[in-house]
Novice: 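Got a structure for you, written out below as structure tokens; questions coming shortly.
Predicted, not measured: the structure shown is a model, and the values here were computed from it. The figures here come from the full heavy-atom set of this structure, side chains too, leaving out hydrogens, waters and symmetry mates.
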Amino acid sequence: MSTEIEQKKFDLVTQDLRQWQGREEWFFNREHTDTYELWYEGRYKRAEIWQKKVIGQLIKKDERVKTLLEFGCGTTRFTRWWHEIGIEASGGDISPFMLGQGAHLFDGDLVLADSHHMPFKDHTFDALAFITTFEYYKDPVKVIREAVRVGKYGIVFGMMNRNSPKVARRRIQEMFGKNPFYVTATFYTPKKLMAIIEEALKGRDYTIEWTTTGLPKWFPVQQWGLPYGDFFGLHVRLNDVE
């Protein structure tokens with residue numbers, strides 16, 4: 001089948017696909033998804049390097065984790081990276097537009113699915129990962145419970161931090177019809193995310209570790225244990241499983 005015919009069939013199937021969770025989302029807009037990879041190759045390249053350092057340091061402390069499912073994997077920007085730190089990764093996403101990009105870039109398993117209803121058996125993977133995607137979930141408690149059902153040993157989060165001056169800038173941009181990427185996002189601090197985790201994992205034995213990055217280039221450190229910076233990584237380690 002020619003590429004042109006495949007594209008026409010894809011466009012026909014997805015022409016009315018605009019919303020998820022009852023609201024329009026930027027990742028259902030091909031204008032944005034087709035250029036997503038370019039963000040990281042430009043001004044966000046330095047940020048990506050530090051985000052991967054933070055996330056990698058956290059998850060590698062749990063030597064039980066050999067396999068991982070990254071939900072909200074998008075174009076597989078991070079999904080392609082996990083193997084560099086010795087973890088076999090698969091990806092899941094709700095957006096066929098994002099996965100359409102990822103399928104050409106990632107040599108691994110991908111699934112089109114909703115994070116609130118993961119189509120996997122219990123403990124299919126050693127861990128779950130959410131990288132700058134958890135901010136878009138309407139029912140975060142349900143998603144966390146699904147994550148620990150499917151991921152045996154825990155979850156690692158990579159989050160846009162509410163304690164960042166960029167959050168205010170983004171909201172101002174939205175008021176003037178600019179920067180549509182965070183209109184439906186809920187920004188978390190480490191403390192706020194830990195409160196959600198506590199509600200979701202009530203009765204479970206777990207430990208949490210987090211660290212922050214995304215600090216100005218001129219700052220004397222680029223990673224620290226204070227809740228300030230553009231991005232934080234947080235790892236939930238489940239201790240009540242063997």
Side-chain angles (χ1 to χ4, degrees), residues 21 25-27 32 36 39-40 42-62 68 70-75 77-79 81-82 85 93 115 127-141 143-144 147 154-175 178-201 206-237:
Q21 302 181 130
E25 300 283 9
W26 69 266
F27 40 83
H32 304 313
Y36 182 80
W39 298 357
Y40 284 105
R43 59 186 297 187
Y44 294 102
K45 190 65 177 179
R46 176 175 170 273
E48 178 188 27
I49 291 170
W50 278 99
Q51 290 170 11
K52 287 177 176 178
K53 284 183 180 180
V54 163
I55 294 166
Q57 289 168 5
L58 289 170
I59 193 68
K60 290 301 290 182
K61 289 183 179 181
D62 191 345
L68 176 147
E70 182 186 340
F71 232 98
C73 68
T75 61
R77 184 73 190 190
F78 278 73
T79 323
W81 162 77
W82 293 105
I85 61 172
D93 203 285
S115 53
L128 260 287
F130 299 104
I131 311 300
T132 62
T133 186
F134 194 80
E135 296 87 342
Y136 296 95
Y137 299 146
K138 272 193 172 181
D139 192 343
V141 169
V143 172
I144 290 173
I155 314 169
V156 64
F157 298 87
M159 305 285 288
M160 297 176 284
N161 189 10
R162 184 179 178 86
N163 288 340
S164 166
K166 289 185 179 180
V167 170
R169 186 183 71 187
R170 289 164 184 159
R171 294 310 187 201
I172 292 171
Q173 289 173 335
E174 290 164 10
M175 291 171 61
K178 305 292 184 180
N179 197 343
F181 305 106
Y182 307 107
V183 173
T184 59
T186 298
F187 293 104
Y188 292 85
T189 62
K191 183 178 180 180
K192 183 177 179 180
L193 179 58
M194 285 188 285
I196 297 293
I197 293 168
E198 182 179 2
E199 180 182 353
L201 301 186
Y206 63 92
T207 54
I208 288 178
E209 183 179 357
W210 60 269
T211 186
T212 311
T213 186
L215 296 151
K217 192 174 183 179
W218 51 262
F219 205 69
V221 297
Q222 290 300 306
Q223 177 182 340
W224 63 355
L226 297 176
Y228 302 101
D230 295 336
F231 181 93
F232 69 90
L234 186 148
H235 179 229
V236 181
R237 178 186 173 118

Novice: Considering only heavy atoms from C-beta outward, does the side chain of Asn161 approach that of Asp230 to under 4.5 Å?
Specialist: no
Novice: Any chance you could lay out the side chain to side chain contact (heavy atoms under 4.5 Å, CB included) test for Ile208 and Met194, step after step, and finish with the verdict?
Specialist: CA-CA 8 Å; Ile208 288 178; Met194 285 188 285; 3.8 Å; yes
Novice: More than 12 heavy atoms of other residues, nucleotides or ligands under 6.0 Å from NZ of Lys191: yes or no?
Specialist: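 No - once you tally the heavy atoms of other residues, nucleotides and ligands closer than 6.0 Å, there are 12 at most.
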Novice: Applying side chain to side chain donor-acceptor pair (under 3.5 Å), can you list everything that pairs with Glu198, at least two apart in sequence or on another chain?
Specialist: none
Novice: Please name the pair of heavy atoms, one in Gly72 and one in Thr133, separated by the smallest distance, quoted to 0.1 Å.
Specialist: CA-OG1, 3.6 Å
Novice: Quick check: Phe130 with Phe157 (ring centres under 6.0 Å apart)?
Specialist: yes
Novice: Is there side-chain contact between Met159 and Leu234, with at least one heavy-atom pair below 4.5 Å?
Specialist: no
Novice: So do the side chains of Phe134 and Tyr188 get within less than 4.5 Å of each other, counting heavy atoms only?
Specialist: yes
Novice: State, yes or no, whether a side-chain contact exists between Ile55 and Phe231 at a heavy-atom distance under 4.5 Å.
Specialist: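 Counting from C-beta outward, Ile55 and Phe231 do come under 4.5 Å.
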Novice: For Gly225, does its backbone N or O pair with a side-chain atom of Thr211 as donor and acceptor, under 3.5 Å?
Specialist: no
Novice: Is the backbone N or O of Trp81 less than 3.5 Å from a side-chain atom of Lys52, with the two atoms forming a donor-acceptor pair by type?
Specialist: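 Pair absent, no side-chain N/O of Lys52 close to backbone of Trp81.
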Novice: Does any non-hydrogen side-chain atom of Trp82 lie less than 4.5 Å from one of Ile59?
Specialist: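 Contact flag for Ile59/Trp82 side chains = yes.
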Novice: Restricting to side chain to side chain contact (heavy atoms under 4.5 Å, CB included), what partner residues turn up for Glu209, sequence neighbours left out?
Specialist: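 Glu209: side chain to side chain contact (heavy atoms under 4.5 Å, CB included) contacts with Leu58, Lys61.
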Novice: Once you measure the plane-to-plane angle for Phe232 and Trp210, does it fall in the parallel (<30°), tilted (30-60°) or perpendicular (>60°) bin?
Specialist: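 Geometry flag for Trp210 against Phe232: perpendicular rings.
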Novice: Is Glu135 reaching over with its side chain to a backbone N or O of Met160, donor-acceptor style, under 3.5 angstrom?
Specialist: yes
Novice: Any side-chain heavy atom of Ile197 sitting closer than 4.5 Å to one from Ile155?
Specialist: no
Novice: Taking all atoms of both residues into account, what is the closest heavy-atom pair of Lys60 and Ile85, and its distance?
Specialist: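 Distance-wise, the nearest heavy atoms are NZ-O, 2.9 Å.
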Novice: How close do Ile144 and Ala200 get, heavy atom to heavy atom, and via which atoms?
Specialist: CG2-CB, 3.6 Å
Novice: Evaluate the side-chain proximity of Thr132 to Phe78: yes if any heavy-atom separation is below 4.5 Å, no if none is.
Specialist: no
Novice: Report yes or no: does Asn163 contribute a side-chain atom to a donor-acceptor pair with the main-chain N or O of Thr189 at less than 3.5 Å?
Specialist: no
Novice: Would you check if Gln222 and Arg46 make a side-chain contact, meaning some heavy-atom pair closer than 4.5 Å?
Specialist: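 Yes, their side chains come closer than 4.5 Å.
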Novice: So which heavy atom on Ser115 is nearest to which on Tyr137, and how close?
Specialist: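 Nearest heavy atoms, Ser115 then Tyr137: OG-CE2, 3.0 Å.
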